[in-house]
Amino acid sequence: MKNRFEKLTVILFCSLLALLSVAFLVMPDRAFSEQENRNLQQSPELTKDSFFSGQFAKDINVYFADQFPLRDLFVRIKSGSELAFLKGENNGVLYSKDQLAVKDFMAYRSIAQAPIETDRIYLDSVRAQTEAVERLGQTLDVPLVTVLPPRTIDIADSVFSYDRPDGDAVFDIFDEVLTEKAGYIDVLGLLRPKYESGEYVYYKTDHHWTTLGAYYVYCEIMTQLGKADSIIPKDEFEIEYVLDFSGTTAGKASFPIYAKDTLELWHLPDDNEYLINSDGVDENEFYEREFLDKSDKYSVFFGGTKAVTTITLPDADRETLLIAKDSFANSLIPFLAREFDIVALNLSSSTFISTFAEVYEADAVLVVFNVENIITTGHLGKLK
Amino acid sequence: MVFSSLIFIFAYLTVTLALYYISPLKWRNTVLFIVSLAFYGWGEPKYIVLMLISILIAYVFGFFIEKYRKTNKRLAKLFLTVSLLGNLSFLLFFKYYNFFAVNIGFAEISSLTLPVGISFYTFQIMSYSIDLYRGEVPLAKKFVPFGTYVTLFPQLIAGPIVRYKDVCDQLEGRKETFSKFASGVHRFVTGLSKKLILGDSAAAVAELLESSATFQPTVVGTWLVMICYTFHIYFDFSGYSDMAIGLGRMLGFEFVENFNYPYIAKSITDFWRRWHITLSTWFREYIYIPLGGNRVGKLRGFLNLATVWFLTGFWHGADWNYVIWGVYFWLFLVIEKAFLGKLLSKLPILGRLYTLVIVGFGWMIFFHTDLSAILASAKQLVGIGTVFATASVGYELLRLIPFLAICLIACTPLPKRLWDRMNERFAFMSAAKPILSMLLFLLCVAYMVDNTFSPFLYYIF
């Protein structure tokens with residue numbers, strides 16, 4: 001009797017080994033994980049150098065994990081198990097019940113899974129970068145508007161049972177360093193109260209602001225540039241709802257239970273035909289609709305981050321707005337394009353803003369770079 | 001390669017088990033020898049040669065030792081010395097060269113990396129030469145079984161330190177059975193889950209709390225770090241030993257145990273009978289007893305003990321904190337021998353708490369090569385110049401309580417006792433066991449699939 005179950009153990013274990021090993025070998029490699037919203041490691045190349053340096057051994061470990069049979073299922077089992085320990089987070093993503101919608105709400109705890117106090121490590125760097133923006137404001141001949149979008153955890157900190165002493169230290173530096181010349185818009189002061197009063201300004205499963213959040217920022221920018229009268233009222237838009245959006249934050253955590261977000265596309269009836277050029281490709285739509293069928297739905301705005309995007313309205317004489325940006329600006333640009341001709345540059349690769357402002361004969365400059373990027377890349381400090 | 005990786009389990013182990021069991025009996029050692037070399041060479045192939053030379057030295061000199069053992073003791077001793085020095089010189093050079101270069105300042109620091117597992121296999125090889133000289137083991141006549149003994153992949157890189165006399169019978173006369181294989185599977189899965197689900201998580205928490213403490217150290221935070229280190233190293237290392245023993249059984253071997261619930265020890269003396277047992281045994285058999293053990297004068301006895309603990313510390317790493325760590329334990333062992341031991345035996349609960357705190361702080365020494373950091377954490381533990389807690393430490397503490405409670409229970413014999421009792425009580429348990437074991441195995445796979453890669457601690461020794 002006992003022996004029978006011992007045999008069963010051996011047979012089960014060996015079959016699992018054989019089955020999963022063979023399945024790993026036979027199953028085709030995936031390039032992209034929809035669930036986690038990221039590229040997966042492909043088969044590493046075996047060369048003499050890569051083998052002896054140990055790089056091959058390292059890569060093949062990642063390759064095994066990324067291409068393992070039933071990866072998506074295993075990833076969910078693991079995050080479920082982490083939640084079962086009541087740890088309240090997985091892979092550094094916090095999990096909370098949204099106080100208003102009573103739904104799951106997620107935010108990166110911070111970069112690199114470090115505690116939020118580590119913001120303090122970066123305060124000097126943040127200050128130096130902010131000073132670079134201020135200098136840019138002083139030297140530019142045209143008005144500058146600075147938008148530094150907060151992280152989800154900054155906006156929605158009230159729902160996380162996560163104490164953050166000096167959590168707003170980064171924003172205090174912005175307030176302190178940036179003068180009128182930089183045209184700083186306090187997005188935290190603008191959107192946090194709106195979030196707390198129940199407005200859907202940041203996604204739950206993605207690190208970006210929603211279209212509504214972007215709209216509020218658009219109104220501020222317009223006011224800042226003296227165009228308050230030309231702000232398009234909210235009720236003139238027809239809103240198209242895209243359901244089942246699960247963003248990058250959810251991808252990192254893979255919590256087995258979570259709400260989906262709704263992504264909104266705001267259309268104007270009788271809109272003009274704009275000429276849009278993204279990295280040399282002509283388009284005439286703000287939205288690249290094929291992304292709506294993919295998991296990376298936020299890329300519906302201009303197909304994700306491009307090096308250069310220009311938007312013009314043929315036969316119209318409009319002011320030009322130069323935007324140095326990251327992906328947060330992608331959902332903001334459609335609003336601004338109704339007022340300005342747009343030249344949008346990826347801030348991480350184009351830092352000579354004053355030169356570009358002259359080249360493109362810009363009438364104003366807008367900087368959009370989010371706090372996570374400021375902390376992790378330091379690119380904002382290179383603005384000139 | 002580490003055991004808790006997908007590539008080990010779903011490529012290496014699959015192929016190894018298949019090759020091993022389709023080979024005819026007489027070929028199995030050769031198969032094991034070859035696959036073990038492949039295991040070792042994975043990632044850093046150049047040190048295979050070094051290991052083979054070590055094996056060759058002990059193997060060849062073995063013949064000389066055996067030849068003169070009875071007839072010419074002095075000559076046999078000479079050959080033994082040469083053999084041991086040959087092996088030790090590799091260990092000394094690769095592990096301690098930089099330490100001496102820095103501290104004595106005679107040479108440039110070399111950029112050589114430490115050959116994986118050298119501290120373990122050198123000790124294994126030495127056990128053969130010494131025991132052969134003592135006449136406690138037969139001469140290893142064939143090279144392949146002896147090479148297999150040293151390179152045997154389950155215990156090659158992080159123990160248990162299997163002495164030749166413990167396995168020499170098994171090298172050429174072991175029996176693989178379903179029953180052994182099955183118990184090996186259960187043991188392997190147990191070790192895997194200890195390492196992946198508990199050990200790695202505890203390590204991650206310790207790291208998180210330490211980085212947070214660089215800004216605002218707190219009493220509670222430092223205690224949490226100490227507790228997490230304590231769990232981390234136990235689940236990591238005993239998990240590894242479990243996996244090694246389990247893998248050994250799958251191949252028909254029976255290795256000695258390496259841990260016996262060390263955290264329920266009632267004194268430091270008791271702790272070291274339960275922690276890394278094969279290492280303590282090695283030091284006792286080959287250093288302490290030859291020095292005269294405790295059958296000498298009191299002062300000499302303490303000195304012998306000091307030598308052993310200095311070496312134990314130094315074996316763990318070529319840095320001062322490991323030496324301090326060894327001497328630290330020597331100090332408590334001496335105090336216990338002198339008077340504390342008798343007192344503690346009457347107060348088992350107090351004894352356990354005392355042991356845990358001393359051992360826990362020992363891990364703080366162990367993990368910090370920076371001596372001033374050790375002093376600082378000692379101050380933080382007792383609250384000198386440190387705030388008691390901050391809200392963020394409170395947040396971490398609250399969310400970690402369930403996890404830490406599970407870790408605490410997992411350190412005791414309770415889960416095993418419960419398991420055994422259920423097996424006696426309920427007939428269906430013997431049927432449930434394979435299923436539960438496989439579910440746990442799949443959970444471990446999930447942790448490996450979604451994991452930042454984390455090698456074993458003892459991998460670096």
Side-chain angles (χ1 to χ4, degrees), chain A residues 1-14 16-18 20-22 24-25 51-52 54 56-58 60-66 68 70-71 73-82 84-91 113-118 120-121 161-165 254, chain B residues 1 5-7 9-11 13-15 17-18 42-46 177-179 181-183 185-186 188-189 197 201 204 208-209 211-212 214-216 390-396 398-403 406 430-431 433-435 437-438 441-443 445-453:
Chain A
M1 184 71 178
K2 188 162 180 259
N3 201 32
R4 211 173 69 200
F5 292 116
E6 279 167 347
K7 262 185 194 159
L8 181 66
T9 306
V10 177
I11 291 166
L12 278 178
F13 181 72
C14 291
L16 268 180
L17 276 193
L20 287 169
S21 303
V22 170
F24 173 76
L25 276 181
F51 184 70
F52 282 92
F56 180 75
K58 219 178 265 173
I60 201 147
N61 269 312
V62 182
Y63 175 63
F64 253 85
D66 277 7
F68 201 75
L70 307 175
R71 175 178 168 90
L73 177 68
F74 280 122
V75 164
R76 291 212 171 173
I77 291 175
K78 188 248 178 176
S79 62
S81 152
E82 287 290 284
F85 276 114
L86 305 174
K87 286 188 206 161
E89 51 184 78
N90 182 35
N91 292 346
Q113 306 183 25
I116 207 83
E117 289 98 314
T118 42
R120 289 187 228 169
I121 300 178
S161 59
Y162 184 66
D163 183 73
R164 310 162 62 221
S254 298
Chain B
M1 219 183 298
S5 65
L6 293 167
I7 190 166
I9 296 173
F10 294 104
L13 189 59
T14 312
V15 172
L17 286 177
W42 181 254
E44 214 167 23
K46 60 183 174 191
T177 62
F178 271 110
S179 162
F181 198 117
S183 87
V185 169
H186 294 310
F188 181 72
V189 172
I197 303 174
S201 301
L208 186 95
L209 288 166
S211 68
S212 138
T214 46
F215 298 98
Q216 179 64 67
T390 57
S392 58
V393 166
Y395 163 83
E396 304 290 0
L398 277 180
R399 82 184 180 90
L400 289 173
I401 282 175
F403 172 71
I406 290 170
S430 47
K433 196 172 173 183
I435 311 289
S437 203
M438 286 309 105
F441 178 58
L442 287 174
L443 184 62
V445 173
Y447 270 76
M448 285 185 280
V449 167
D450 187 20
N451 194 8
T452 40
F453 185 55

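For the numbers below, each heavy atom of this structure counts, side chains included, while hydrogens, waters and symmetry mates do not. The chains referred to below are lettered A, B, ... by the order of the sequence lines, with proteins before strands, and numbering in each begins at 1.
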Please look at A:F56 and chain B and tell me whether the side chain, the backbone, both or neither of the residue comes under 4.5 angstrom of a heavy atom of that chain.
-> side chain
Would you mind checking which part of A:F24 comes under 4.5 Å of any heavy atom in chain B, side chain (CB onward), backbone (N, CA, C, O), both or neither?
-> neither
Residues forming a ring-ring contact (aromatic ring centres under 6.0 Å, His included) with A:F13, sequence neighbours excluded = B:F441
Looking only at A:L12, A:V22, A:L8, most heavy-atom pairs under 4.5 Å shared with chain B are made by A:L12
May I ask you to name which of A:V62, A:I77, A:I11, A:L16 has the most heavy-atom pairs under 4.5 Å with chain B?
-> A:L16
Which bit of B:V185 is near chain A, if near means a heavy-atom gap under 4.5 Å: side chain, backbone, both or neither?
-> side chain
With sequence neighbours excluded, residues passing side-chain contact (heavy atoms from CB on, under 4.5 Å) with B:S183 = B:R249
For each of B:I435, B:I9, B:L442, tally heavy-atom pairs with chain A at distances under 4.5 Å, and name the one with the top tally.
-> B:L442
Return the option, out of B:A182, B:A446, B:A11, with the maximum number of heavy-atom pairs under 4.5 Å with chain A.
-> B:A446
To the nearest 0.5 Å, what is the distance between [atom1] on [X] and [atom2] on [Y]?
X     : Y      : atom1 : atom2 : value
A:K78 : A:L73  : NZ    : CG    : 14.5 Å
B:L13 : B:F188 : CG    : CZ    : 6.0 Å
A:L20 : A:L70  : CG    : CG    : 7.0 Å

Is there side-chain contact between B:M1 and B:I7, with heavy atoms separated by less than 4.5 Å?
-> yes
